[in-house]
Amino acid sequence: MDQLPWLAQHPDLGRAITEAKGEIDPLSRLATATRLAGFRRDFTLTNRLDRLAAPALRMIHDGDAPQTGLRPLRMALLSSHSVDHLLPAIRVAGLQRGLALSLQVAPYGLYRQALLGDDPELSAFAPQMVVLSLDAHDAPLQLPLEASQEQVDAAVTGRVEELRLLWRRARQRFAAQVVQQTLMPADPPLFGAFEALVPAAPHTVIERLNAAIRQAAREDGVLLLDLAWQAAQGGYGDGLAEPVRWHQAKQLVSPNLAPLYGDHLARIAAASVGLSRKCLVLDLDNTLWGGVVGDDGLEGIQLGQGSPGGEAFLAFQRYAALLARRGIILAVCSKNDPAVAEAAFEHTEMALQRSDIAAFVANWEDKASNLRRIAQMLGIGLDSLVFVDDNPAEREIIRRELPEVAVPELPDDVAHYPARLAAAGYFEAVSFTTDDAARGRNYALNAARELALSQATDMEGYLRSLTMVLHVSPIGPAERARCTQLINKTNQFNLTTRRYSEAEVARIADSAGALALAFRLRDKFGDNGLISVVLARPDPELNDDELLIDSWLMSCRVLGRQVESAVLEVLGRAARQAGYRALVGQYRRTERNAMVAEHYPNLGFEQHPLVHDSEPDASYWRYDLGKPFSTRHFIEVIQP
């Protein structure tokens, strides 16, 4: 089975790994392993990459390594089947997804004891993510074949309640994000095609149990590693619950399928800390339609009903449009005459409209420069982009020139483009909100705002003309998922870049004396959605009447509109009302947040001598709430 087909094929990956072993510096070997993890690989090559990266990964998690560009994450695997053979693949997939994973495996089959009891190793490890990797052999529901639907439902409910207890325990002990693996049927069907009509038939019970697990996970904020769904799509072939492997070694996942399993888990982990991609950049000719519009003319391109090829291009457009509806930003990067390229969107069979495209760049320049331009236009990093181009040469150039950009390897037939893009998992989601659905439209509206700004001669008049309204709310259950998403994705306007799971956000928001606020901004062009989050809490290093601003972040699309001044007023008044006399802001310098280095002094904070030994790169700033606010803005604030 061809694994990870969206990754490019290396001419000789084994030799490249061997050469990398000669590098003396562990961090250099890690950088090479991270780059090579982006190529197609099997079980053996994956294990070799893991050994190459291992010394530096240990340094990262021991705190002995400088900035590497990888996000450290501690993951505990609590399983009822053997997972040791999967660990290298999980770590290497983590590198490819931007993570430096540290893994802890509880003793085989003792997942209940690890969470419900006092496992000192797990407590010392303090996982940020807990994966319950379970199988259908574990604690099967003891039901007679003639059991009624009511009896099956009762047994399923009891099993799911046990899982929910484990989920709650993981959150209470570690504030960890929980990932639950769905169950693979352990035995062949008994009734043939009639299986689904017998309530207590083995496959029927597993299907009912998985459905209940999915429902409970949705209600409890638990993520799914949905092996049952992946298997139903044919993603694992016959590599799951293979009887020989199970009887020999209690392996649910065949070693040959370890790279795929590792990638499926790593993409969920990456998405949970904000490392999913958020912009799909599309070529035009022979990607969105067949032919070259500049040569063939509008009526000569292949698109729409009437031919298999035209229908395939239309299907790909429809898939891209669906991605836009769930919040993925769409952009165009094409070597083309701009007027001709835009005119193609008037074709009667086009599923994508010009208004769906937030950034449209068509010219005769190299595509690497144009991708940089698109990222700048949208105010996002290159590591947010996925570039789809039918031309293998263009794909190779972008991989070489812009390694931050994801460039999927594509099949020869466009009919397979949607499945290949979906299989790559670049846009893995851990939540879906109304803000997500509106994201693409918001970026398009921001272009209108930028145009209005470029035409303005009076900045104060421009800001007044926006008629901005800032809505403020405490971070409750309804806001938690979107706030967590913003916390984990925002890099530039982020004073501390702390990353929190939804459970950790809830813990801070619900703690005594804390303030957790969400800010949404509307203007005359439309709704910007959630644009800022502030988490403030008491800290033992501060006086009782001082409140630490643990996290303050803001979407870069509202920069320059004085939002930070309005946010400070809201936070200051709330802190004053809660009995605090001062705010203490922390700035933790990173590779990407230099733009806010002067944020606190610009707002009137004064340098604070407080120093935490564990954070030598942090500076602290104090704002006396006894003085009147000196901030100025043109924003109406609405609070409950």
Side-chain angles (χ1 to χ4, degrees), residues 274 435 468-502 504-521 528-539 542 546-559 561-588 590 593 595-605 608 618-625 629 631 633 635 637-640:
D435 281 349
M468 293 177 284
V469 179
L470 188 68
H471 293 264
V472 187
S473 63
I475 298 176
E479 297 82 15
R480 208 172 288 152
R482 182 67 182 103
C483 289
T484 302
Q485 190 182 75
L486 193 65
I487 287 168
N488 287 315
K489 284 190 174 182
T490 306
N491 293 302
Q492 296 181 83
F493 196 111
N494 193 331
L495 275 299
T496 58
T497 60
R498 289 192 175 94
R499 309 303 186 181
Y500 289 128
S501 68
E502 194 170 328
E504 288 171 315
V505 171
R507 176 180 288 183
I508 294 173
D510 296 340
S511 61
L515 293 174
L517 301 173
F519 298 83
R520 310 176 72 89
L521 185 71
N528 292 270
L530 181 72
I531 51 90
S532 187
V533 171
V534 174
L535 301 178
R537 57 176 174 79
D539 188 275
L542 301 179
E546 295 178 324
L547 186 68
L548 177 70
I549 304 174
D550 175 280
S551 298
W552 185 345
L553 51 119
M554 190 172 78
S555 171
C556 289
R557 68 179 183 271
V558 297
L559 287 177
R561 299 197 220 167
Q562 304 171 333
V563 175
E564 52 268 45
S565 296
V567 169
L568 174 59
E569 283 190 20
V570 171
L571 176 63
R573 290 196 177 98
R576 190 187 292 162
Q577 187 174 0
Y580 294 103
R581 297 178 60 188
L583 297 171
V584 176
Q586 183 189 38
Y587 170 61
R588 298 166 72 214
T590 70
N593 72 349
M595 68 179 299
V596 292
E598 299 301 315
H599 171 76
Y600 284 122
N602 287 343
L603 288 176
F605 285 68
H608 193 288
S619 60
Y620 295 84
W621 303 84
R622 189 177 188 277
Y623 192 94
D624 184 355
L625 292 173
F629 293 106
T631 57
H633 58 80
I635 301 173
V637 177
I638 296 179
Q639 292 180 261

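Values reported hereafter were calculated over all heavy atoms of this structure, with side chains retained and with hydrogens, waters and symmetry mates removed. Quick note: residue numbers are just sequence positions, from 1.
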- Task: Kindly write out the residues that satisfy side-chain hydrogen bond (donor to acceptor under 3.5 Å, both in side chains) with R573, not counting sequence neighbours, or none if the list is empty.
- Result: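 Checked R573 against side-chain hydrogen bond (donor to acceptor under 3.5 Å, both in side chains); matches are E569.
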
Can you give me the closest heavy-atom contact between [X] and [Y], atom names plus distance?
{"X": "T497", "Y": "R588", "value": "C-NH1, 4.3 Å"}
{"X": "V469", "Y": "I635", "value": "C-CG2, 4.4 Å"}
{"X": "F605", "Y": "G585", "value": "CE2-N, 4.1 Å"}
{"X": "R499", "Y": "E504", "value": "O-OE1, 4.0 Å"}

Is the side chain of [X] donor-acceptor paired with the backbone N or O of [Y] at a distance under 3.5 Å, no angle test?
{"X": "D550", "Y": "L535", "result": "no"}
{"X": "T496", "Y": "Y587", "result": "no"}
{"X": "R520", "Y": "N528", "result": "no"}
{"X": "N491", "Y": "N593", "result": "no"}

- Message: As an exercise, state the distance from NZ of K489 to OG of S555, rounded to the nearest 0.5 Å.
- Response: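 Interatomic distance, K489 NZ to S555 OG, rounded to 0.5 Å: 11.5 Å.
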
- Item | Value rounded to 0.5 Å, distance of CZ in R561 from CE in M554 |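 Interatomic distance, R561 CZ to M554 CE, rounded to 0.5 Å: 9.0 Å.
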
Under 3.5 Å, which donor-acceptor pairs do the side chains of residues 574-584 form with other protein atoms, sequence neighbours left out?
from	atom 1	to	atom 2	distance (Å)
R576	NE	L625	O	3.1
R576	NH2	L625	O	2.9
Y580	OH	G513	O	2.7

- Who passes side chain to side chain contact (heavy atoms under 4.5 Å, CB included) against S565, sequence neighbours left out?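 With sequence neighbours excluded, S565 shows a side chain to side chain contact (heavy atoms under 4.5 Å, CB included) to L603, T631, H633, given in chain and number order.
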
- Message: Can you tell me which residue among V596, L568, L517 is in a side-chain contact (heavy atoms from CB on, under 4.5 Å) with W552?
- Response: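 The single option meeting the side-chain contact (heavy atoms from CB on, under 4.5 Å) with W552 is L568.
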
- Query: Does a side-chain heavy-atom distance below 4.5 Å link L571 with I549?
  - Reply: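 Of all side-chain heavy-atom pairs linking I549 with L571, at least one is under 4.5 Å.
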
- Can you tell if the side chain of H599 reaches within under 4.5 Å of the side chain of W621, non-hydrogen atoms only?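 No, too far: nothing below the 4.5 Å cut-off.
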
